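Let me begin by presenting the structure, written as structure tokens, before commenting on it.
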Number of protein chains: 2
Amino acid sequence: MSVTPKPATGTDTSKARLRLWLRMLKSARGVEAELRERLRTEFSSTLPRFDVMAALERYENGLKMSALSGVLRVSNGNVTGIVDRLAEDGLVVRVQVPGDRRATLVRLTRKGQQEFARQAAAHELWIDELLSDFGAEEATQLAARFEAVTHREEGQ
Amino acid sequence: MSVTPKPATGTDTSKARLRLWLRMLKSARGVEAELRERLRTEFSSTLPRFDVMAALERYENGLKMSALSGVLRVSNGNVTGIVDRLAEDGLVVRVQVPGDRRATLVRLTRKGQQEFARQAAAHELWIDELLSDFGAEEATQLAARFEAVTHREEGQ
DNA sequence: AAAAAGTATTTCAAGCTCAAAACATTTTTG
DNA sequence: CAAAAATGTTTTGAGCTTGAAATACTTTTT
């Protein structure tokens with residue numbers, strides 16, 4: 001009698017979890033693909049760019065590159081290229097941090113704020129449409145249930 | 001009085017749906033990242049490679065390149081590179097289709113079947129662990145609920 | 001003050017991803 | 001039959017992604 005149930009392949013439960021995962025993945029990928037497509041055609045942009053702008057929107061004082069990759073949970077080097085391109089388009093700026101010559105703060109420009117506002121409004125409408133099978137209550141319930149998965153994955 | 005409710009940003013319902021989407025995305029990405037990491041460290045492989053092998057497993061007679069990208073719902077050109085690398089490793093083979101000199105059939109080799117069996121067993125255990133917050137019943141229920149999202153996204 | 005350890009960011013190589021273009025071959029049409 | 005349309009695949013170019021290495025600077029230790 002072990003305290004932790006012995007993990008076994010082929011259990012009813014493990015099969016059900018596997019099916020759930022496959023569904024979740026298919027759903028999430030489907031919605032994501034649709035969002036990518038619409039960002040591309042309607043705003044000539046991408047999901048990673050949108051994600052970066054969304055993060056910067058929440059932190060008006062700007063974020064250091066490392067903080068940005070931390071918030072987005074992507075690798076350090078990853079953000080460099082995305083911010084490079086956003087900066088080329090004048091949507092963000094890199095600002096030197098006074099006391100520390102290593103660090104830079106990334107911030108949305110006014111233009112970036114305006115552009116993000118447009119995209120975010122469209123984004124919310126799209127999600128509303130794509131998840132229209134869920135009512136307010138069910139959506140709230142399900143969201144709560146998924147916290148479990150999220151929290152299992154290390155802090156925050 | 002319109003038949004379809006007028007879409008509006010900032011509704012309670014649309015806010016709830018947005019939160020649900022953000023949670024789903026975070027959960028799915030978290031699990032996916034963990035799977036990628038484990039495939040990388042334990043099998044020196046990747047999720048796309050695993051996906052391709054899983055598809056080929058289900059179709060023992062092999063799949064044409066176009067059918068493969070159709071099943072996986074990724075672009076045509078995408079699969080080319082993944083299959084190239086799997087073929088280099090001797091896990092799949094390209095077989096000429098008798099009547100049609102344009103097409104090739106991709107098939108798992110014996111080695112590919114054996115390797116996939118190892119990985120699939122580990123994969124099921126990982127999912128069982130990562131989704132351990134869901135019991136058999138809840139998992140089944142949720143999976144059913146997500147069919148809605150999947151089916152909203154065009155055929156199959 | 002020099003050395004070592006730590007922090008912040010970028011660069012690099014490899015692989016994934018897409019849409020669009022290019023090729024090759026087959027089928028249909030005029 | 002020849003031209004045109006359709007089908008099957010690969011190539012191409014741009015961007016995203018990662019982990020690891022390289023750079024640059026700051027703080028702590030000795």
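In this text, all values refer to a predicted model and were calculated from it rather than measured experimentally. To find a chain, count down the sequence lines: A is the first, B the second, and so on, and within it residues start at 1.
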One would report the end-axis bend of the helix from C:dA1-D:dT30 to C:dG30-D:dC1, five pairs per end and rounded to 10 degrees, as 10°

In 5'-to-3' order, the base (B), backbone-only (S) or no-contact (-) status of each nucleotide in nucleotides 1-14 of chain C, using a 4.0 angstrom heavy-atom cut-off, is -----BBSBBB---

Looking only at atom types and distance, does a side-chain atom of A:R19 sit under 3.5 Å from a main-chain N or O of B:T140, one as donor and one as acceptor?
-> no

Please determine if A:E88 and A:R85 form a salt bridge, counting it only when a charged side-chain N lies under 4.0 Å from a carboxylate O.
-> no

With sequence neighbours excluded, what pairs up with B:F50 under the ring-ring contact (aromatic ring centres under 6.0 Å, His included) test?
-> B:F116, B:H123

Lys/Arg N to Asp/Glu carboxylate O, A:R40 vs A:E37, below 4.0 Å | yes

Side chain proximity check, B:E147 to A:R23, heavy atoms < 4.5 angstrom | yes

Basic-acidic side-chain contact under 4.0 Å: A:E124, B:K15 = yes

To the nearest Å, give me how far apart CG (B:L68) and P (D:dT9) are.
-> 10 Å

Can a salt bridge be assigned to the pair A:E115 and A:R49 using a cut-off of 4.0 Å between side-chain N and carboxylate O?
-> no

Just call it for A:E37: base, sugar-phosphate, or nothing, with non-hydrogen atoms closer than 4.0 Å on any strand.
-> sugar-phosphate

Could I get the full list of side-chain hydrogen bond (donor to acceptor under 3.5 Å, both in side chains) partners for A:T13, not counting sequence neighbours?
-> none

Measure from the side-chain N and O atoms of B:R17 to the backbone N and O of A:F134, and report whether any donor-acceptor pair falls under 3.5 Å.
-> yes

Report the distance from atom CD of B:Q96 to atom C1' of C:dA24, rounded to the nearest whole Å.
-> 12 Å

Looking only at side-chain N and O atoms, does B:R101 come under 4.0 Å of OP1 or OP2 in C:dA24?
-> no

Under 3.5 Å, which donor-acceptor pairs do the side chains of residues 90-113 of chain A form with other protein atoms, sequence neighbours left out?
| residue | atom | partner | partner atom | Å |
| --- | --- | --- | --- | --- |
| A:R94 | NH2 | A:D84 | OD1 | 2.0 |
| A:D100 | OD1 | A:R102 | N | 2.9 |
| A:D100 | OD1 | A:R102 | NE | 3.0 |
| A:D100 | OD2 | A:R102 | NE | 3.4 |
| A:D100 | OD2 | A:R102 | NH2 | 2.7 |
| A:T109 | OG1 | A:G90 | O | 2.8 |
| A:T109 | OG1 | A:L91 | O | 3.1 |
| A:T109 | OG1 | A:K111 | N | 3.4 |
| A:T109 | OG1 | A:G112 | N | 2.9 |
| A:K111 | NZ | A:D89 | O | 2.9 |

What parts of residues 39-53 of chain B reach DNA chain C, counting only heavy atoms under 4.0 Å away?
-> B:T46, B:P48, B:R49

Rounded distance (Å) that lies between atom P of D:dT9 and atom CD1 of B:I82 | 15 Å

note: B:L72, atom CG; C:dC16, atom C1'; distance rounded to Å ~ 13 Å

Taking for each residue the nucleotide of DNA chain C bearing the nearest heavy atom, is the 5' side occupied by B:G99 or by B:G81?
-> B:G81

Please tell me if the side chains of A:L86 and A:V52 come closer than 4.5 Å, counting only heavy atoms from C-beta onward.
-> yes

